[in-house]
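What you see below is based on every heavy atom in this structure, not just the backbone, and it leaves out hydrogens, waters and symmetry mates. Atoms within each ligand, like the ligands themselves, are counted from 1 in listed order.
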Amino acid sequence: MGFGRGKVILLGEHAVVHGYPAIAVGIEKGAHAEAVPAERDLLLLDPWDLALAPDPEGGEPLQRAFAAVLRRYDDRPPLEVRVTAELPAGAGLGCSAAIGVAVIDAIDGVLRITRSRAELGEAALVWEEVFHGNPSGIDNAMSAVGGVALFVRGKPLRPIHSRKPLCLVVGFSGESSSTREMVASVQRQLERDPDRVGNTFAAIETLVRNATLAIEGGDLIALGQLLDLNHRLLSSLMLSTTKIEAMCQIARDAGALGAKITGAGGGGCMFALAPDLDTADRIREALGREAFVAEVHA
Ligand code: PMV
């Protein structure tokens with residue numbers, strides 16, 4: 001069985017595409033895949049009831065991503081790879097990267113190829129490139145490795161030792177969005193107004209640096225404030241929605257220390273930092289049925 005986990009970006013999304021640091025955590029929910037030798041190559045995606053042959057020119061991105069992955073293996077039998085996923089797609093939780101990591105992990109397993117989790121994450125970048133055009137690589141790296149980590153594009157993940165467990169509550173707005181489009185929208189804003197957007201990225205970097213210290217020092221109150229500030233900067237890049245704003249407010253009213261968009265924005269998910277598990281449960285109830293609690297230790 002191959003496995004790729006989902007992730008929550010704590011701070012730094014979007015800026016990370018442009019070379020600034022970001023902090024992310026791996027969550028337990030993810031994607032599983034099983035590969036078996038078969039008559040022909042086939043990718044079966046149970047959640048969407050899809051069976052796709054690899055095709056580098058295919059109309060369906062999954063066909064192109066599967067072809068890009070298979071091209072990396074020489075001398076192999078045809079393979080059928082079956083995927084199950086526990087993450088909503090287009091929600092900012094890294095569903096596509098988790099599937100890519102799980103697929104490669106499963107194929108490695110059946111072909112008896114061993115590589116480290118970090119190498120597995122790097123191998124899944126070809127998969128992400130099909131979906132996102134210009135991915136920073138944070139999703140595939142975190143999906144393979146997990147924990148709490150600082151990521152800078154093109155560099156290995158740097159684990160962050162969190163003095164206290166991080167109690168996160170993740171809520172899905174029900175609006176899916178395209179990472180490719182949201183990244184392109186920020187790119188357009190950067191080209192039109194390089195000073196404003198450049199300053200925003202620099203401010204996000206400061207928040208990321210301070211958040212690293214807050215996590216290492218177990219200062220959850222400071223971390224919550226930094227999350228709120230990062231959320232405002234993402235809103236200024238037009239990445240929030242009315243629904244996400246309302247959900248962040250509900251979470252804060254229910255006792256969250258901070259709340260923000262996670263991932264590409266324009267819908268998708270938000271998350272809140274809770275001071276403890278009881279408060280996390282209250283926030284989850286306030287946010288509604290689809291919200292879930294993720295407790296991260298590192
Ligand atoms: O695809 P998502 O929604 O999990 O977000 C990825 C994070 C971005 O910074 C928006 C894009 C990237 O490649 O880092």
Side-chain angles (χ1 to χ4, degrees), residues 4-27 29-31 61-62 65 85-102 121-122 124-146 149-155 157 168 170-190 197 200-201 203-205 207-208 211 227 230-231 233-241 243-244 247 260-271 294:
R5 62 184 71 242
K7 62 92 200 39
V8 172
I9 298 182
L10 294 190
L11 301 100
E13 52 274 88
H14 284 287
V16 72
V17 174
H18 302 273
Y20 295 85
I23 301 172
V25 302
I27 59 176
K29 281 177 190 272
L62 281 161
E86 304 148 334
L87 297 164
L93 299 180
C95 182
S96 70
I99 294 176
V101 167
E122 280 164 31
L125 187 64
V126 291
W127 175 280
E128 277 294 88
E129 278 166 350
V130 171
F131 291 93
H132 299 325
N134 182 22
S136 64
I138 190 169
D139 282 16
N140 42 298
M142 282 311 294
S143 174
V145 177
L150 186 85
F151 176 84
V152 177
R153 191 169 186 159
K155 299 201 179 148
L157 281 173
L168 310 179
V170 182
F172 181 41
S173 65
E175 310 157 328
S176 59
S177 80
S178 150
T179 301
R180 181 188 277 273
E181 279 166 29
M182 301 320 288
V183 168
S185 147
V186 173
Q187 177 66 36
R188 279 194 302 275
Q189 294 178 58
L190 180 64
V197 178
T200 305
F201 288 163
I204 290 175
E205 172 164 19
L207 299 179
V208 167
L227 297 177
N230 193 170
H231 179 74
L233 292 171
L234 291 170
S235 302
S236 79
L237 295 172
M238 293 182 291
L239 297 165
S240 192
T241 65
K243 184 81 194 283
I244 293 276
M247 291 172 81
K260 70 179 272 292
I261 294 171
T262 185
C269 283
M270 50 69 70
F271 78 95

Check whether any side-chain heavy atom of [X] lies under 4.5 Å from a side-chain heavy atom of [Y], and answer yes or no.
X    : Y    : value
L62  : V130 : no
N230 : I204 : yes
P21  : V16  : no
L125 : E129 : yes
L237 : F201 : yes

Original post:
Does ligand 1 have an atom that lies less than 4.0 angstrom from a heavy atom of K7?
Top reply: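 Yes, K7 has heavy atoms under 4.0 Å from ligand 1.
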**OP:** Measure the distances from the heavy atoms of G94 to every atom of ligand 1 and state whether one is below 4.0 angstrom.
**Re:**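 A heavy atom of G94 does come that close to ligand 1.
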Using a strict cut-off of 4.0 Å, indicate which atoms of ligand 1 neighbour a heavy atom of [X].
X    : result
P135 : 13 (O)
V16  : 9 (O), 14 (O)
I138 : 14 (O)
G263 : 3 (O), 5 (O)
E13  : 9 (O)

Identify the protein heavy atom lying closest to [atom], giving its residue, its atom name and the separation to 0.1 Å.
atom                    : value
atom 8 (C) of ligand 1  : H14 N, 4.0 Å
atom 3 (O) of ligand 1  : A264 N, 2.9 Å
atom 12 (C) of ligand 1 : S136 OG, 3.3 Å
atom 1 (O) of ligand 1  : T179 OG1, 2.7 Å
atom 7 (C) of ligand 1  : I9 CD1, 3.5 Å

Of the non-hydrogen atoms in [X] and [Y], which two are nearest, and what is the gap between them?
X    : Y    : value
L234 : E13  : CD1-OE1, 3.7 Å
L239 : H14  : CD1-CD2, 3.3 Å
V101 : G4   : CG1-CA, 3.7 Å
A89  : S176 : O-CB, 4.1 Å
S236 : L233 : OG-O, 2.7 Å

For ligand 1, find out whether one of its N or O atoms is nearer than 3.5 Å to an N or O atom of [X].
X    : answer
N134 : no
V17  : no
D139 : yes

